[in-house]
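Heads up, the thing below is written out as structure tokens.
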Amino acid sequence: MLLAFDTATPAVTVALHDGERVVASSTTVDAMRHGELLAPAIQAVLDETWVPRQDVTAIAVGVGPGPFTGLRVGLVTARTLAAVLDIPVYGVCTLDVLAAQAVDQGTVDGPFLVATDARRKEVYWASYDEEGRRLDGPHVSRPGDVATDGPVVGRGALLYPDAFPRAVAPEHPDARWLAQVVTDERAELLDPEPLYLRRPDAATPGKPKKVS
Amino acid sequence: MRSSWARHNDRVTPPTEQPLVLGIETSCDETGVGIVRGHTLLADAVASSVDEHARFGGVVPEVASRAHLEAMVPTIERACETAGIGMHDVDAVAVTSGPGLAGALLVGVAAAKALAIGLGKPLYGVNHLAAHVAVDQLEHGPLPEPCIAMLVSGGHSSLLRVSDVTTDVVPMGQTIDDAAGEAFDKVARLLGLPFPGGPHIDREARSGSSVAIDFPRGLTSRRDLERHRFDFSFSGLKTAVARWVEAREASGEPVPVADVAASFQEAVCDVLTRKAIDAAAADGIQDILIGGGVAANSRLRGMAEERAAARGIRVRVPRPGLCTDNGAMVAALGSELVSRGRQPSMLDLPADSSMPVTLVTA
């Protein structure tokens, strides 16, 4: 039984997969409440399917890139839950999940970009071939620097139509696909380490200001 | 059918006698995981990111949050190993849910929820300040209630009346500008001493004269006492120290670092102890409890004990390792909440960066 979740975008998305199919899932879009939404959603998918937590045999977690605070909620939850249950935890690039969704849902039929909101007028992005294999990325850039007329999956395209005029579905990742690509061994598995792509904002101080 | 299955995931009610509680603290730059059984401390594992902040002269929230994520699981495992328990032995999980740095708090809160789900045990989101009070029971036994608690750290300077540490904590006064520990950091920087400033000022002060310079005592004039009897102000003191040091430098004379440190420290400790004792006397309370990082200051401990004894008031200060932020204090408060039968938190518990002190649990 695989428990999968992602908190790297405004969506808090959770799914439970029994090896053959997704048996329960939950997705809520709220960019400000990842910390409040994730744990109840995990508890809900377990309760809904009557699965005792001891039956979960692995965890898959989206490792971003994504806004840091929400991203960490997913990662610390995955690592801690895996430690308690003594099961493995696999990381998957969140943009790869969006790419798999787009290919499976048939919204793309050639090479494409995935772009999500990186805030500060930038996007997290990666490029993919028609089968959803990542060719380049993930990176963080200004939309204008990676503008394209080709299809662009993810919220980044909706936020910056000038740079990305051909927005295609889906807008947010869905943990059902995260669970499916891990089960199908279609995903590149990573360590559960966050893809921050940016350094913390911090400047070393100068001399103290004069007061007299 | 449904009920027999669902029971697998129900959280087990903890025993009220000698509960085994794991506490998580991530409100600032220390990743703390403590384990207590009743009032007995079994483990207090702390991973600090302070070295990563030193060159910035203060705690950088994003640096702290990243460090919490990396340290969380190893610190939980280290605490369990030290305590000689398995994670599954834990009866309840407690976590600081506020006040503190929002992003930092969130890492601890999310980890605590994952533990609660994974163990099937209740979750208690607790107030950081009340935890600083509760920690003393690990060293000196049951808390004296009511007592006056003075919490002094880099982020807080508060006087509280504690009638029941699990339900009844009332603020009497707090700083109106800088926290006491913040003043120590800023003055240390003026004197060219490293961050965090507290231990360095304390050490320098030992070879200096506390009466060399008469620095101001904030909010102690008759007029100020009318409105701010139990409040503190350290911003003016910090500016006075800066002015004094600049005047010295301008005249080409060397700055007597030890004397400045000792006189500054004296001014801070003088106001803190005076107001704490006044608060106790005003309410006829016999016990003062001091906590927070500044409580590790040797002059503050000495002066408080001396002055309180003269008024027939008892002072309790936990050992320095329990005064600074740690997980044991969170576990200690959690243990008290369990023992007194308080309600656990829900899984949608938010991290509340400005959690009011009157809210002991969330």
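Note on naming: letters A, B, ... go to the chains in the order of the sequence lines (proteins, then strands), and numbering restarts at 1 for each one.
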So what's closer than 4.5 Å to chain B heavy atoms on R199(A): side chain, backbone, both or neither?
backbone

So, the part of A111(B) with a heavy atom under 4.5 Å from chain A: the answer is both

If we define contacts as heavy-atom pairs under 4.5 Å, which of M72(B), E77(B), E70(B) has the most with chain A?
E70(B)

Does E81(B), at its CD atom, have more than 12 non-hydrogen atoms belonging to other residues, nucleotides or ligands within less than 6.0 Å?
no

Above 12 or not: heavy atoms from other molecules or residues under 6.0 Å from CG of D184(A)?
yes

What is the minimum heavy-atom distance between A110(B) and V76(A), and which atoms define it?
CB-CG1, 3.4 Å

Largest heavy-atom contact set with chain A, pairs under 4.5 Å, which of V245(B), I76(B), V73(B):
V73(B)

Assert top hit (heavy-atom pairs under 4.5 Å, partner chain A, pool M346(B), R66(B), H88(B)) equals R66(B)

Answer yes or no: is there a side-chain heavy-atom contact under 4.5 Å between D348(B) and L37(A)?
no

Please check if the number of heavy atoms outside R248(B) that lie under 6.0 Å from its CZ is greater than 12.
yes

Below 4.5 Å, heavy atoms only, C-beta onward: do K210(A) and E249(B) meet side chain to side chain?
yes

Please state whether the side chain, the backbone, both or neither of L81(A) comes within less than 4.5 Å of a heavy atom of chain B.
both

Please check if atom CD in Q343(B) has more than 12 non-hydrogen atoms from other residues, nucleotides or ligands closer than 6.0 Å.
no

Please identify, among T77(A), D201(A), T80(A), L38(A), the residue contributing the most non-hydrogen atom pairs under 4.5 Å to chain B.
T80(A)

In this structure, are over 12 heavy atoms from other groups packed under 6.0 Å from R198(A) atom CZ?
yes

Side-chain donor/acceptor of K113(B) to backbone N/O of P40(A), under 3.5 Å:
no

Enter the distance from I42(A):CD1 to L347(B):CG here, rounded to the nearest 0.5 Å.
9.5 Å

Roughly how far apart are L69(B) CG and F68(A) CZ, rounded to 0.5 Å?
12.5 Å

Hey, does the side chain of R72(A) reach the backbone of V107(B) with a donor-acceptor pair shorter than 3.5 angstrom?
no

Which residue out of A104(B), G57(B), G58(B), S65(B) racks up the most heavy-atom pairs below 4.5 Å with chain A?
S65(B)

